[in-house]
Amino acid sequence: MWGLNSSNAGIIAASSFPNWRGPYFPLIKKDPWGNDYFFDPDYNIAGVDYLVVGSFAPNKLGSNAYDSDDVYIILPTM
C-alpha cells in the first residue's frame with residue numbers, strides 16, 4: 001500500500017467490513033518532503049523482508065526501488 005492516505009488503505013476511508021468503526025483518522029499527515037507515507041509488508045533490508053511503514057524521503061524513489069534515503073519503522077510481526 002504505497003499511500004496511507006489512499007481510500008484503499010482503509011485507515012481514513014469508509015469500509016464495508018463487518019463491525020467497522022472507522023475511519024480511524026481524518027487524514028494522515030504527509031512526510032517532511034510532502035509525500036504520503038507507505039505500508040510495505042515485504043520491504044527488503046539487506047536481503048531480509050520486513051513489515052514497515054515509511055517514507056521514500058527526498059528523492060521520492062519507491063515502489064520496490066529501495067535505497068539508502070528511505071525512512072521507515074519496522075513493525076513487529078508477533
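This one's a predicted model, so the numbers in the text were calculated from it and none came from an experiment.
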Any sub-3.5 Å donor-acceptor pair from Asp69's side-chain atoms to Asn59's backbone N or O? yes

Hey, could you give me the CG/OH distance between Asp40 and Tyr72, rounded to the nearest 0.5 Å? 11.5 Å

One should read off an interatomic distance between Asn44 CG and Tyr50 OH, to the nearest 0.5 angstrom, of 9.0 Å

Assigning hydrophobic clusters by single linkage (Ile, Leu, Val, Met, Phe, Trp, Tyr; side-chain heavy-atom cutoff under 4.5 Å), is Trp33 placed with Tyr37? no

Verify the cluster assignment for Leu75 and Val71: are they in a single hydrophobic cluster under the rule of side-chain heavy atoms below 4.5 Å apart? no

Got more than 12 heavy atoms from elsewhere within 6.0 Å of CD1, Ile73? no

Does a donor on one side chain sit under 3.5 Å from an acceptor on the other, for Asp70 and Tyr43? yes

